[in-house]
Protein chains: 4
Amino acid sequence: MQTSKPRRARRKTREEKARETYLRILEAAAQVVGEDGYADSSISKITQLAGIAQGTFYNYFETRQQVFDALLPYMGEQMVEYIRTAVPADVQGAARETARLRAFFTYLNAHPVFYRILYEAEVFAPAAHAKHFQILVDGYRGALERAVARGEIEGYDAEELEAIIYILLSARAYLAMRYVRRADDGRSTVPEHVITAYEKLMTRGLYGKPDHA
Amino acid sequence: MQTSKPRRARRKTREEKARETYLRILEAAAQVVGEDGYADSSISKITQLAGIAQGTFYNYFETRQQVFDALLPYMGEQMVEYIRTAVPADVQGAARETARLRAFFTYLNAHPVFYRILYEAEVFAPAAHAKHFQILVDGYRGALERAVARGEIEGYDAEELEAIIYILLSARAYLAMRYVRRADDGRSTVPEHVITAYEKLMTRGLYGKPDHA
Amino acid sequence: MQTSKPRRARRKTREEKARETYLRILEAAAQVVGEDGYADSSISKITQLAGIAQGTFYNYFETRQQVFDALLPYMGEQMVEYIRTAVPADVQGAARETARLRAFFTYLNAHPVFYRILYEAEVFAPAAHAKHFQILVDGYRGALERAVARGEIEGYDAEELEAIIYILLSARAYLAMRYVRRADDGRSTVPEHVITAYEKLMTRGLYGKPDHA
Amino acid sequence: MQTSKPRRARRKTREEKARETYLRILEAAAQVVGEDGYADSSISKITQLAGIAQGTFYNYFETRQQVFDALLPYMGEQMVEYIRTAVPADVQGAARETARLRAFFTYLNAHPVFYRILYEAEVFAPAAHAKHFQILVDGYRGALERAVARGEIEGYDAEELEAIIYILLSARAYLAMRYVRRADDGRSTVPEHVITAYEKLMTRGLYGKPDHA
DNA sequence: GATGAATGAGTCTTCATTCAT
DNA sequence: AATGAATGAAGACTCATTCAT
C-alpha cells in the first residue's frame, strides 16, 4: 500500500483509516456477539466498544443485520485457515479426522468468541450460516473424495458421503458444545476419550457387525 | 361449553379451568415460537392466539422466559414418547439406531412446530435445552449399555460412549436441518441414502481400516 | 352511556376512560401540529402535552401518520358545523357567500390551531386533505345547485360550477393566509374591504364587460 | 469539457466553476424536491444527484434551509418570465386573465417539478414563499391598475384590488391542484370548462344580480 | 382469576452539519 | 475549493411487565 513517491509519507491514507474503522467495528461486533449473543448485541454496545459514534456505524453497514451477516464469513475464514495449517499434510485417514477435530477444539479455545457467533448464526444470520456451512461441506467433500481415491474409504456413494459430512460437522459442533470449556490457560480441555471415541467411530463404526449378519 | 351427558356435577373445577388455560397458553406459545421463532414471539401474539388477555398470561407464568423454558420439556416429552413407541422392541443393534433416526424424522415432519422450538432453544432457552438434552442422553445411555451387555457394542468404555451419544444426537439434529423438509402429505422426505449412510457409519465406521494398520 | 341500574355509579367506565384518553391525544396533537406544524410534531411532544406515556400513544394509534390523518376529519367537522350554524338560513345569494366567508374567518380566529392543520394537510396528510376537500366540495355543490334552481345563478353548467367551487374554496384559503391574523381579543381582523371585494366579484365579476363585447 | 473554438483563454475561471457548481446544486435540489418533496430531500440525495461530495454543499449554502429558500426564487423567476412572454401584449381585459391562466397551466405541465416546489414552499420555505407571492402580487397590481386606467375595471378601490389579486392567485393554485395532470405529451390537460368558468367569473361574476337588488 | 390500558426503557435508524485532509 | 468520514441528537416504534378495575 506504500506509494513509492514520498520516501517517508507516514500519515495514514483516508482509505486506510476507513478500512481500519471497518475492522474495528467488525472486531467489536464479534466481541459483543460472542459474549452477549446476537439478540443482545445492540448497535450501541458495538459502537461503544469500537470507540466510535453510533452514526459512524451506518457509514460502514446499512443495517445491524448486515454486520451480523458479515461476522461469520469474517471469522469462519480464519477458522478454516487455522485448521488447514494446523493439520499436517501427511496425516491421512481417520487420523486426519481426529487431527481436524483437535484443531477445531483448539481454535475454539483460542477464540472463545467464535462459538456463539457460529452457533447462533443459524438463527440470526441464516444466510451467512448457510454459506459458511456450504464452504465447510465443499472442503470436506474434496477431502473425502481424495480418501476414496486413495482407497481409504470404501462402500459409500457420493450422496451417502454428503450425509456423512453432515454427521462429521454435527459431531464437531455438539462435542464442542458439550466439552469445550474456556480454560484460563487457553489450552483445550476436551478430554482425550472424546477424541478416541470419535476415532473409533470413524474406523470401526459403532456396532461390531452389521446387524443383519 | 356444557356437555349434555352428565346431568349434574357440571361446572368445571376452578382448578380444571386453570389447568386448561395453562395448557392453552403453552400450546399457543408452541405454535407461535414454531412459526416465528423465540425472538419474535411476543406475549401479545401468544395471548391473542390463546384467546386470553395479556394480563392473564402473568397469572400463569412470571416472565416470558418462563414459558420459553416450559416449552421444550412439554413438547420434548411427546417426542421421546413417540420415538419409544414407534421403534419396535425387538429391533436391535444398528437397525435400532436407524429406526430411531427414522422415527425422529417422522415426528419432525408431523410436528413442524417442534423444529424451531428445539433448535432455537439452545439460544433462547438454554436451561431447558440442557435439560432436554440430558434426558435424551440418559435415555441413550441405558440403551447403549444394554447393547454393550448384549455384546453388540465392544471396545468403548463408559466415557467414550457418552461422547458417542453426543455424536448420535448431533447427527440427528444436523441431518434433520439438512434433509427434513415439510412435505404436504406429512410423510418424511428424508432420502433413503441418508439412512443408509448413517447405518453404515454405525456398523463399519467410515475408514476401512485403522490407519495405523 | 349511563347504566340504569346503579342510581349513582359515578366512577368512569374503562371504556369511558379510553375514549377520554383518545380524545386527549387528539386534542394534544391538534395543539402541537397547530403550533409547530406536522413536521415538528413528535410523538414525544404530543404525549407529553396529553400527559401520557409515549407507549400509551400506540394503544390508540398505530403510527404517527395515523393521528395526522385523524386530525383534519376531527377538526374539519367542527368547522363545517360552525359555518352551517353561523350562517342564517334566510340569507341568500351572494350575501350568503360573504356570510360564509366571514364565518370561516371567525372560526379560524377562534381556532388558530386549525389553520396549519388544514393547510399543511395537503402535504402531510394528503388522504385526509382530499377527503376533507371532497366534503366541502359536495356541500358547496348542493348549495350552488339550489341557487341555480332559485335562479340566482345563471349561465354556468355543472362542470363549470365545480371549477367555481374550487375557486371559492381557494379564495377562502388564500384570503385567510393573507389577512387572518390572530387577534388577542379573538375577533376577526379581516378588513372589511376584503369582504366587499369578494362580494363584488361574486356579483358583478371583475371586468365590467365581456371582452368580446 | 474543453470547447474547441477559442484557441486560448481556455480554463474556466475559478469563479465560473463556482457558479457552475452552485447552479448544479440548485438544479439537483429542484429535481429532488420536485420529486420527493422538501421533507424527504436530504443533502445526501441532492449532492449525489449534483455529483459532488456532501461537504461541498456547505461551501455554497450554509444550511439545508438555505437551498430550500433559494429554490422558489430561482424557479419562480423562470415561471413569471414564461407567462410574460406567453401572453401576447395586445390581449386585454378578461381575455388576458384567461391567457395567463392557460400559460400557468402550460408551464406547470412543462415543469412538473415546479408544482411541489411551489406548493410545499408555504410550509417548508415560508420566507421564500412570501417573497415569491409578493412578486406575483406586485406584478398583478401593475396590470390591474393599468386595466383600471383603461376603464376595463370599475368600482374597485386599491385595497379591494389587492384582495382580488389574492383571489386570482389562489384560483390558479387550486385549479392547478385539481386539474393539472401530467400528460406525457406535455400538453395541458386542463379541461376547457375550467377556463370558461374562470372567464365567466371574471366578466359577469357568479351571482346574476347584486343580491340587494 | 381475568382484563386490558398504561408504562417507559430500550432499539434501530436517519441526517444535517462539522472538520481534518 | 473539494472531499467524505465522523458525529450525535432526535425520532418512531416495540414490548415485557404492572396494576387498578
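Side-chain atoms are counted along with the backbone in the values below, which use heavy atoms only and exclude waters and symmetry mates. Residue numbers begin at 1 in each chain, while the letters A, B, ... track the order of the sequences.
In terms of position along DNA chain F, the nucleotide closest to D/Ala18 lies nearer the 5' end than the nucleotide closest to the other residue of the pair D/Ala18 and A/Ile52. Judged by closest nucleotide on DNA chain E, C/Ala53 is the one of C/Ala53 and A/Ser41 placed further toward the 5' end. Both A/Ile43 and D/Tyr58 lie near DNA chain E, and the one whose nearest nucleotide falls closer to the 5' end is A/Ile43.
Under the Watson-Crick or G-U wobble criterion, with both distances below 3.5 Å, E/dG8 is paired with F/dC15. Across all strands shown, F/dA1 remains unpaired; no Watson-Crick or G-U wobble contact has both distances below 3.5 Å.
In this structure, the nucleotide among F/dT7, E/dT17, F/dC13 sitting nearest to the side chain of D/Thr63 is E/dT17. Among the nucleotides F/dA16, F/dA6, E/dA2, the one closest to any side-chain atom of A/Thr21 is F/dA6. Minimum atom distance to the side chain of C/Arg64 is reached by F/dA12, of the listed E/dT7, F/dA12, E/dT17.
The distance from atom CZ of A/Arg24 to atom C1' of F/dA5 is 12 Å, rounded to the nearest whole Å. At whole-Å resolution of the value, CD in B/Gln54 and C1' in E/dA2 are 13 Å apart. Nucleotide F/dA16 holds its P atom 10 Å from the CG atom of B/Asp40, rounded to whole Å. Between the P atom of E/dT11 and the CZ atom of A/Phe68 lies a distance of 12 Å, rounded to the nearest Å.
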Go through the steps to decide whether C/Tyr38 and C/Phe68 satisfy the test ring-ring contact (aromatic ring centres under 6.0 Å, His included), and finish with yes or no. CA-CA 8 Å; C/Tyr38 289 87; C/Phe68 286 176; 4.9 Å; yes

List the steps and the verdict of side chain to side chain donor-acceptor pair (under 3.5 Å) for C/Gln31 and C/Glu27. CA-CA 6 Å; C/Gln31 194 71 26; C/Glu27 293 287 353; over 6 Å; no

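Using a 4.0 Å heavy-atom criterion, one finds that D/Thr47 contacts no nucleic acid atom at all. At a threshold of 4.0 angstrom between heavy atoms, the contacts of C/Tyr60 are confined to the sugar-phosphate backbone, with no base atom among them. Residue-level contact check: A/Thr56 touches the bases, meaning some heavy atom is under 4.0 Å from a base atom.
The base of F/dA1 has none of its N or O atoms less than 3.5 Å from a complementary donor or acceptor on the side chain of D/Asn59.
Using a 4.5 Å heavy-atom cutoff, the side chains of B/Tyr74 and B/Leu23 are in contact. Inter-residue side-chain proximity for B/His111 and B/Val113 is flagged as unmet; no heavy-atom pair is nearer than 4.5 Å.
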